[in-house]
Amino acid sequence: MNDTFLRACRGESTSFTPVWMMRQAGRYLPEYQAIRKNLSFLELCKNSELCVEATLQPVDILGVDAAILFSDILILMEQMGVPLEFHENHGPVFLHTIRDSKAVEKLRIPDPATQMDFVMETIRLLRRELQVPLIGFAGAPFTCATYLIEGGSSKIFWATKKLIFTKPGVYHALMEKITEATILYLKEQIRAGAQAVQLFDSWAGVLGPVDFAEYALPYVTQIIAALKADDFPEGKEVPVIYFANNGSTLLELSVSSGADVIGIDWRINIADAIARIGDCAIQGNLDPFALLLSKEKLRARVGKLLKDAAMAKGHIFNLGHGINQFTPPKQAKIMIDAVHELSQK
Ligand code: 1CP
């Protein structure tokens, strides 16, 4: 068992720097496209055997040091009772928006053990196969809320900010419900066998620090505290990674969430981030588009990043956001091999 990833999350010494990639299972891999050819994305997310296959692909093909459950942050929102569609080349669409108290009241808190057993079954099956740790995940409440309020993706988050600033009571009621559902969901993932969990706050960076502290962070903190209050099924604490995309102005606040690992995007030098996060481990932060560099330049970048991260309490090498769907897989392999070679102690 290669447990280097978990050791780095806990700030323990490792013989090399572990590496995985956000969105490592997905469209840039022809093997993923072959699975997806025969069914829709949502059908795939509910088919445990195929989710296992998609999760294993980057582990087998690229040699990453952690697997991340194949699913999507929006599945939980769908199970809360809002019909979801994925339109080809357009992204997710929620058929109702959640913008008033009536809509919030209608949202259900799913029992993940029964209603989302397809996710738990994927986790159980994966744990029998994997030789690297398995990461479970959920969207952070603010990011989940934006999708429900906007009815899908957004560029300026008009409806979300309008709700925050004109009907804060409705906004907070929505956040409380998402938080409660997320706590149950992540606890169940851990019970099923997830060995670390990541909270994806993809849109946190659209909030300034004062609003982040009031409207997003308290719910992340609440989730982490609830996870830490439980006994852990395998006797070892399950590390929590918090990734706030575009969050370099939010680093100190992010640390106060209680996360074990702070994920950073590529917009900040990792050495500067390490100086600011104190006792946490760090995850990141190569620009996903730097994967297009020539082999020589890419290896040099990786070497520089590893050096810049030398003072970290623990470093998990990753991209600064998800791998782009048009990236040639062989470029990802160059990066992963370079991390392993150049970080050997
Ligand atoms: O095959 C397809 O057409 C679907 C493409 C796809 C895939 C492969 C989507 C649609 N989601 C996923 C998988 C996924 N999503 C994973 C799997 C595990 C892995 O990382 O390998 C994870 C962790 C996610 C998380 C996710 N979904 C996030 C957070 C991370 C991030 O990228 O910021 C977000 C925001 C989503 C929403 C989502 N899912 C898919 C789309 C197109 C979107 C919308 C993104 C947007 O609003 O711009």
Side-chain angles (χ1 to χ4, degrees), residues 19-47 50-62 64 66-78 82 84-94 119 122-123 126 132 134-157 160 182 185-186 189 194 196-206 241-247 263-266 283-284 288 318-327 329 332:
V19 53
W20 69 281
M21 298 185 296
M22 288 189 276
R23 294 290 195 102
Q24 64 188 16
R27 285 179 291 187
Y28 74 105
L29 285 177
E31 293 84 352
Y32 170 79
Q33 284 170 8
I35 298 181
R36 252 292 260 125
K37 208 170 57 201
N38 305 314
L39 71 185
S40 73
F41 178 62
L42 277 178
E43 285 167 340
L44 170 54
C45 286
K46 290 168 191 172
N47 181 320
L50 292 180
C51 285
V52 168
E53 217 177 304
T55 306
L56 294 176
Q57 283 175 350
V59 180
D60 296 339
I61 298 166
L62 300 171
V64 287
I68 181 160
L69 167 70
F70 187 86
S71 185
D72 196 88
I73 62 167
L74 302 178
I75 300 294
L76 178 61
M77 312 293 99
E78 185 203 38
V82 195
L84 170 66
E85 291 177 357
F86 277 88
H87 296 175
E88 241 21 82
N89 300 321
H90 179 76
V93 177
F94 281 109
V119 174
T122 305
I123 294 174
L126 278 167
V132 294
L134 176 63
I135 306 169
F137 69 90
F142 175 72
T143 289
C144 293
T146 67
Y147 284 98
L148 291 178
I149 299 165
E150 306 286 339
S153 300
S154 174
K155 287 211 166 72
I156 62 162
F157 299 92
T160 304
T182 304
Y185 184 43
L186 287 177
Q189 288 188 29
V197 294
Q198 175 155 324
L199 282 167
F200 284 93
D201 220 343
S202 307
W203 304 117
V206 305
I241 307 166
Y242 176 57
F243 171 65
N245 183 38
N246 229 325
I264 57 167
D265 65 61
W266 68 92
Q283 175 173 282
N318 205 315
L319 302 174
H321 200 176
I323 185 167
N324 178 275
Q325 67 172 113
F326 301 112
T327 312

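We count ligands from 1, going down the list as the structure has it; atoms in each ligand are counted the same way. In what follows, every heavy atom counts, from backbone to side chain, and hydrogens, waters and symmetry copies are set aside. Treat the numbers as computed from the prediction; the structure is a model and nothing was measured.
Atom CG of L50 sits about 10.5 Å away from atom OH of Y32, to the nearest 0.5 Å. Taking CG from L319 and OG1 from T327, the interatomic distance works out to 8.0 Å, rounded to the nearest 0.5 Å.
Salt bridge present: R36 and E88 bring a charged side-chain N and a carboxylate O closer than 4.0 Å.
Side chain of T55 to backbone of L69: no donor-acceptor contact under 3.5 angstrom is found. Of the possible polar contacts, none joining the D201 side chain to the A244 backbone as a donor-acceptor pair under 3.5 Å is found. Under a 3.5 Å cut-off, the side chain of Q24 and the backbone N or O of A66 do form a donor-acceptor pair.
Listed as neighbours of ligand 1 are R23, Q24, A25, G26, R27, Y32, R36, F41, I68, L69, F70, S71, D72, I73, L74, F86, P92, F137, Y147, S153, F200, S202, W203, H321, each bearing a heavy atom under 4.0 Å from the ligand.
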